[in-house]
2 protein chains.
Amino acid sequence: MAKSPVPASCSEHGVMTSLGDKWTILVILQLARAPEPRQRFSRLRRDVAGISQRMLTVTLRMLERHGLVVRHYHAEVPPRVEYELSPMGASLVPALETFAAWIATHWDAMMQARDDYDVQEP
Amino acid sequence: MAKSPVPASCSEHGVMTSLGDKWTILVILQLARAPEPRQRFSRLRRDVAGISQRMLTVTLRMLERHGLVVRHYHAEVPPRVEYELSPMGASLVPALETFAAWIATHWDAMMQARDDYDVQEP
DNA sequence: CGGAATCCCAAAGGATACTG
DNA sequence: CAGTATCCTTTGGGATTCCG
């Protein structure tokens, strides 16, 4: 990069790199969909399909760092940590749910298009 | 992966991996925002800030493969190729614009939160 | 002009082991 | 339990060159 003088769209560009990440979106949706607003680390680990413990840690840290998630640490033995969406994080949820709904609606058509494309052009 | 028996959320998971990609979102938005519905390769290359020729090719191929973009090839000399959103691709745009609008609105707050976080915890 | 192919490096991310 | 640290493999993606 550093070839164009950082246009205005660079803010979008930068956020897409982090927020557009697969795990980020899935973790936020999981936090939003669960009945209880606060979720424990191990629960998220189970419910976000396929995420590794490392990526969940990294993702939650990034979200906390940007003010989208609040981390509640309880200094007990064994320790208990809960995560919940901040008001700003919660305000992002509708956009993500719209995105997720679009996927659910068009998933079959996209897979069909992909198969058609693949049989035609080898 | 292949540890959990591929739950229903795997569709979201799978699409996020491709559609959630940074370049994919930026290319779709560029195709949607330009006044002319059809855009030439070289124009997209210029307008999508920072994208390499390789990634633009890969991204457009993937979008075409999934039925979100239509490729118009004109066998002239020199050849001319135009891309435009399919109806399905266009139907995704509102969701992405909502996402982009959220980013524009909350960008400053996120950067502020990030700076606050960074000075506190070294 | 609009790619495709190759090369190659840097970053992402999984597996494992250890700790407060 | 909720991480952190390390290692190591896989992937992303830029640079370059060549082709229709």
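Residue numbers begin at 1 in each chain, while the letters A, B, ... track the order of the sequences.
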Q) Between Ser42(B) and dC1(C), is there a side-chain N or O to OP1/OP2 distance below 4.0 Å? A) no

Hits for salt bridge (Lys or Arg N to Asp or Glu O under 4.0 Å) against Arg61(B), two or more places apart or cross-chain, chain-then-number order -> Glu64(B)

In whole angstrom, give the distance that lies between atom [atom1] of [X] and atom [atom2] of [N].
{"X": "Leu44(A)", "N": "dA2(D)", "atom1": "CG", "atom2": "P", "result": "9 Å"}
{"X": "Arg80(B)", "N": "dG20(D)", "atom1": "CZ", "atom2": "C1'", "result": "17 Å"}
{"X": "Asp21(A)", "N": "dG13(C)", "atom1": "CG", "atom2": "C1'", "result": "11 Å"}
{"X": "Leu56(A)", "N": "dG13(C)", "atom1": "CG", "atom2": "P", "result": "13 Å"}
{"X": "Trp23(A)", "N": "dA12(C)", "atom1": "CH2", "atom2": "C1'", "result": "12 Å"}
{"X": "Met55(A)", "N": "dT4(D)", "atom1": "CE", "atom2": "P", "result": "13 Å"}
{"X": "Lys22(A)", "N": "dG13(C)", "atom1": "NZ", "atom2": "C1'", "result": "9 Å"}
{"X": "Ile51(B)", "N": "dG12(D)", "atom1": "CD1", "atom2": "P", "result": "14 Å"}

Kindly write out the residues that satisfy side chain to side chain contact (heavy atoms under 4.5 Å, CB included) with [X], not counting sequence neighbours, or none if the list is empty.
{"X": "Ser86(A)", "answer": "Val70(A), Met88(A)"}
{"X": "Ser52(A)", "answer": "Arg54(A), Met55(A)"}
{"X": "Arg114(B)", "answer": "Arg65(A), His66(A), Met111(B), Asp118(B)"}
{"X": "Gln53(A)", "answer": "Phe41(A), Arg45(A)"}

Strictly below 4.0 Å, N to O, side chains only: are Arg40(A) and Glu82(A) in salt-bridge contact?
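The answer is no: the pair does not qualify as a salt bridge.
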
Are Arg71(B) and Glu84(B) within salt-bridge range, i.e. N to O under 4.0 Å?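 Judged by the 4.0 Å cut-off on N to carboxylate O distance, Arg71(B) and Glu84(B) do not form a salt bridge.
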
Of dC1(C), dG20(C), dG14(C), the nucleotide closest to the side chain of Pro79(A) is dG20(C)

By side-chain hydrogen bond (donor to acceptor under 3.5 Å, both in side chains), Glu36(B) pairs with (sequence neighbours left out) Gln39(B), Arg43(B)

B/S/- along nucleotides 3-9 of chain C (protein heavy atoms under 4.0 Å) is BB-B---

Angle separating the five-pair end axes of the helix from dG2(C)-dC19(D) to dG20(C)-dC1(D), nearest 10°, is 40°

Open item on the list: Between Gln112(B) and Asp116(B), do the side chains contain a donor N or O and an acceptor N or O under 3.5 Å apart?
Closed with: yes

